2 protein chains.
Amino acid sequence: MDTAWLSADEEQAWRAFRRLLVALPARIGRDLARDSGLSAADYEVLSTLSEKPDRRWELRELAAKMEWSRSRLSHHAARMQARGLIDKEPDPQDARGCLLHLTDDGFAVLEQAAPHHVVSVRSRFLAHVSADELAMLRAISTRIADLPD
Amino acid sequence: MDTAWLSADEEQAWRAFRRLLVALPARIGRDLARDSGLSAADYEVLSTLSEKPDRRWELRELAAKMEWSRSRLSHHAARMQARGLIDKEPDPQDARGCLLHLTDDGFAVLEQAAPHHVVSVRSRFLAHVSADELAMLRAISTRIADLPD
DNA sequence: CTACTGTCGTTGACATGTCATCGAATGACT
DNA sequence: AGTCATTCGATGACATGTCAACGACAGTAG
């Protein structure tokens with residue numbers, strides 16, 4: 001095989017996949033904004049924060065978990081704080097650090113948003129994939145995403 | 001099935017797939033920037049322009065083909081024009097319109113970039129997917145991307 | 001304790017995308 | 001021809017992300 005070019009099959013599969021890569025997040029993001037006034041980034045922050053029992057994460061830990069840069073999360077957290085979705089607390093363990101805390105308002109917004117979001121993910125993605133396909137997709141995704149950067 | 005929630009399988013597959021949705025374009029985009037100084041958006045414009053024999057498209061046609069907004073393409077084209085990759089010509093068929101034209105420099109940059117990009121797509125994606133998986137991925141991608149918006 | 005090295009979150013400059021709006025040109029209808 | 005709704009690309013305001021700095025603090029070695 002000449003690895004410098006793509007076969008017709010590869011080319012078409014890659015094109016189709018790239019289309020999905022753009023279209024799917026865009027559609028789900030629009031649903032989220034329409035139904036709940038949240039961006040996909042907002043939702044990811046809120047839902048990840050809600051995973052901790054006390055709804056608190058160190059900024060850098062949360063950034064690492066979401067695979068965001070600290071800068072990105074710092075900017076985004078400032079905007080979410082201005083909207084009252086989260087607040088910031090000093091980290092008692094490390095005076096450099098900062099704890100992000102999901103407010104009651106933020107939690108309420110998340111709880112309102114979650115069912116709509118699930119419907120969106122279902123209707124735009126899961127409903128159109130068989131169980132076998134979903135298992136394969138998961139295997140492929142994990143395999144590729146786990147490759148070194 | 002309770003459609004208001006995700007099963008454990010669905011949840012994990014959706015998580016894994018979302019990771020791929022973010023990581024794969026990011027990696028290929030970084031390769032492109034490093035190897036050729038182009039963004040993924042730049043590359044898409046250049047390669048789509050190069051598909052036409054005369055290397056010219058009306059702005060709105062090109063935008064439709066790439067599924068971009070005219071505003072986005074107008075902004076991006078202005079930046080690419082400033083770098084000498086494309087130029088703009090009046091449309092002889094429609095005085096409102098504007099033809100985007102791939103310059104010789106732009107074409108040269110594309111030709112330099114293409115082989116590296118192919119290697120990148122191969123090493124970060126195609127090499128890790130079997131022919132069967134690729135066929136299924138293409139089918140799924142087309143099925144989902146073709147859904148109404 | 002002191003010095004050095006590294007990590008923390010923040011910040012500002014910049015690149016890129018969205019959205020609403022604009023003037024100019026088009027096309028359809030009378 | 002004249003009117004009017006529509007479409008063209010451009011533009012400015014804004015949201016969001018990257019990157020390279022920064023001061024503050026932590027941790028380690030002497």
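Since we're looking at a predicted model, the values are computed, not measured. Lettering follows sequence order; numbering is per chain, from 1.
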Task: Residue-phosphate contact under 4.0 Å: B/S74 side-chain N/O, D/dG9 OP1/OP2 - done: no
Open item on the list: Counting only side-chain nitrogens and oxygens, does B/R72 get under 4.0 Å of the OP1 or OP2 atom of C/dG17?
Closed with: yes
Distance-only check: which donor-acceptor pairs under 3.5 Å involve side-chain atoms of residues 77-90 of chain B, not counting sequence neighbours?
from, atom 1, to, atom 2, distance (Å)
B/R79, NH2, B/H76, ND1, 3.2
B/R83, NH1, B/D42, OD1, 3.4
B/R83, NH1, B/D42, OD2, 3.1
B/R83, NH2, B/G37, O, 3.4
B/R83, NH2, B/D42, OD2, 3.3
B/D87, OD1, B/H101, ND1, 2.9
B/E89, OE1, B/R56, NH1, 2.8
B/E89, OE2, B/R56, NH1, 2.5

- [ ] Check whether any side-chain nitrogen or oxygen of A/H76 sits under 4.0 Å from OP1 or OP2 of D/dG17, and answer yes or no.
- [x] yes
- [ ] Check if the side chain of B/H75 and the base of D/dG9 share a donor-acceptor pair of N or O atoms closer than 3.5 Å.
- [x] no
Open item on the list: Using a heavy-atom cut-off of 4.0 Å across all strands, would you classify A/D94 as base, sugar-phosphate, or nothing?
Closed with: sugar-phosphate
Open item on the list: Please determine whether a side-chain nitrogen of the Lys or Arg among B/D94 and B/R96 lies less than 4.0 Å from a carboxylate oxygen of the Asp or Glu.
Closed with: yes
Open item on the list: I want to check something: taking the side chain as every heavy atom from C-beta on, are A/L32 and A/S120 in contact at a cut-off of under 4.5 Å?
Closed with: no
Task: Residue whose nearest DNA chain D nucleotide is more 5′ - A/Q93 or A/S69 - done: A/S69
- [ ] Indicate whether OP1 or OP2 belonging to D/dT18 is found under 4.0 Å from a side-chain N or O atom of A/S71.
- [x] no
TODO: May I ask you to test the B/H117-B/L38 pair for a side-chain heavy-atom distance under 4.5 Å?
DONE: no
Task: Degree of bending in the helix from C/dC1-D/dG30 to C/dT30-D/dA1 once both end axes are built from five pairs, to 10° - done: 10°
TODO: For C/dC14, take OP1 and OP2 only and decide whether either is under 4.0 Å from a side-chain N or O of B/R79.
DONE: no
Open item on the list: Quick check on C/dT26: is either OP1 or OP2 less than 4.0 Å from any side-chain nitrogen or oxygen of B/R96?
Closed with: no
Open item on the list: I'd like to know if A/R15 pairs up with B/E51 as an ion pair, taking the criterion as any Lys NZ or Arg NE/NH1/NH2 lying under 4.0 Å from an Asp or Glu carboxylate oxygen.
Closed with: yes
Open item on the list: Strictly below 4.0 Å: does A/K88 bring a side-chain N or O up to OP1 or OP2 of C/dG9?
Closed with: no
